[in-house]
Amino acid sequence: METTFKINYFAVLISGVAYFLLGGLWYSPLLFSKTWLAAMGKTAEQIKQSGGATLAYITSFIGSLAAALVLAVFVDYAGADTLEAGLATGFFIWLGFVATTVAPPYFYEDRNKRLYLIYSGYTLVGFLMMASILALWR
């Protein structure tokens with residue numbers, strides 16, 4: 001059985017960049033920066049002093065592009081070509097692969113549940129956005 005996927009790589013690039021930029025907004029003082037830092041028990045100064053910002057940004061950017069590419073495969077496989085179909089695809093991918101797999105450590109390890117909500121909320125909004133772009137721009 002041979003399976004080929006029709007992927008618009010420019011849409012993958014745009015949606016990956018959009019997801020990365022959403023992360024910058026999500027973790028900024030405009031949205032969840034204070035809550036995120038408090039939930040981790042850290043200050044902005046401690047984050048800056050850790051010295052890993054460049055590697056974190058590079059890793060996040062590559063991860064955003066990878067997520068967009070894999071999501072494009074799911075969007076194509078689902079035949080999603082409308083906003084509603086894109087939103088549904090993004091939601092179900094998030095629900096099945098993110099919300100359910102990221103949650104258990106927060107309960108087994110008694111991690112701060114606000115971090116789970118911030119992380120999974122970012123991924124939910126990002127997947128909805130990316131899948132919509134990918135569905136509409138096939």
Side-chain angles (χ1 to χ4, degrees):
M1 178 175 138
E2 184 177 322
T3 304
T4 58
F5 297 102
K6 181 182 171 197
I7 298 195
N8 180 337
Y9 291 100
F10 187 66
V12 169
L13 176 64
I14 296 302
S15 61
V17 168
Y19 186 43
F20 177 76
L21 294 174
L22 175 66
L25 177 63
W26 198 264
Y27 294 99
S28 77
L30 292 172
L31 292 179
F32 299 107
S33 152
K34 290 179 185 176
T35 305
W36 175 62
L37 289 169
M40 288 192 308
K42 296 191 182 245
T43 65
E45 292 75 31
Q46 288 174 313
I47 298 293
K48 288 177 188 174
Q49 290 174 354
S50 69
T54 301
L55 182 58
Y57 287 131
I58 291 169
T59 302
S60 294
F61 185 69
I62 292 170
S64 294
L65 293 175
L69 179 61
V70 172
L71 195 51
V73 170
F74 279 96
V75 165
D76 184 64
Y77 188 78
D81 59 1
T82 65
L83 177 62
E84 295 81 9
L87 289 170
T89 303
F91 175 77
F92 285 113
I93 295 299
W94 170 82
L95 181 62
F97 296 107
V98 177
T100 57
T101 59
V102 173
Y106 284 88
F107 294 92
Y108 284 117
E109 299 169 13
D110 196 31
R111 293 183 188 177
N112 190 315
K113 307 313 181 273
R114 288 183 296 164
L115 285 174
Y116 171 74
L117 293 174
I118 292 168
Y119 294 145
S120 65
Y122 161 62
T123 308
L124 172 60
V125 172
F127 278 26
L128 293 173
M129 177 185 63
M130 287 193 299
S132 296
I133 292 169
L134 294 164
L136 292 171
W137 205 353
R138 286 185 54 183

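If you're wondering where the values come from, they're calculated on a predicted model, not measured in any experiment.
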Hey, which of Leu65, Thr123, Val125 is the one that makes side-chain contact (heavy atoms from CB on, under 4.5 Å) with Tyr19? Thr123
Heavy-atom count around Tyr108 OH within 6.0 Å, excluding the residue itself: above 12? no
Identify, with sequence neighbours excluded, every residue that meets ring pair (Phe, Tyr, Trp, His ring centres under 6.0 Å) alongside Phe10. Trp137
Any Leu115 side-chain heavy atom under 4.5 Å of Met40 side chain: yes
By side-chain hydrogen bond (donor to acceptor under 3.5 Å, both in side chains), Tyr119 pairs with (sequence neighbours left out) Trp36
Member of Ile118, Thr35, Leu37 meeting the side-chain contact (heavy atoms from CB on, under 4.5 Å) criterion with Tyr27: Ile118
Between Leu83 and Ser132, which heavy-atom pair has the shortest distance, and what is it? CD1-OG, 3.5 Å
Met130 and Ala67: which non-hydrogen atoms are nearest, and at how many Å? CE-CB, 4.1 Å
Run the ring pair (Phe, Tyr, Trp, His ring centres under 6.0 Å) test against Phe61 and tell me which residues pass, sequence neighbours left out. Phe20
Between Trp26 and Tyr122, what is the ring plane arrangement, given parallel below 30°, perpendicular above 60°, and tilted in between? tilted
Is there side-chain contact between Trp94 and Ser120, with heavy atoms separated by less than 4.5 Å? yes
Test item: Leu124 and Val98 side chains (from C-beta on) under 4.5 Å apart, heavy atoms: no
Side-chain touch Leu134/Val12, heavy atoms, less than 4.5 angstrom: yes
Applying the 4.5 Å side-chain criterion to the ILVMFWY set and letting contacts propagate, would Leu22 and Ile58 be lumped into a single cluster? no
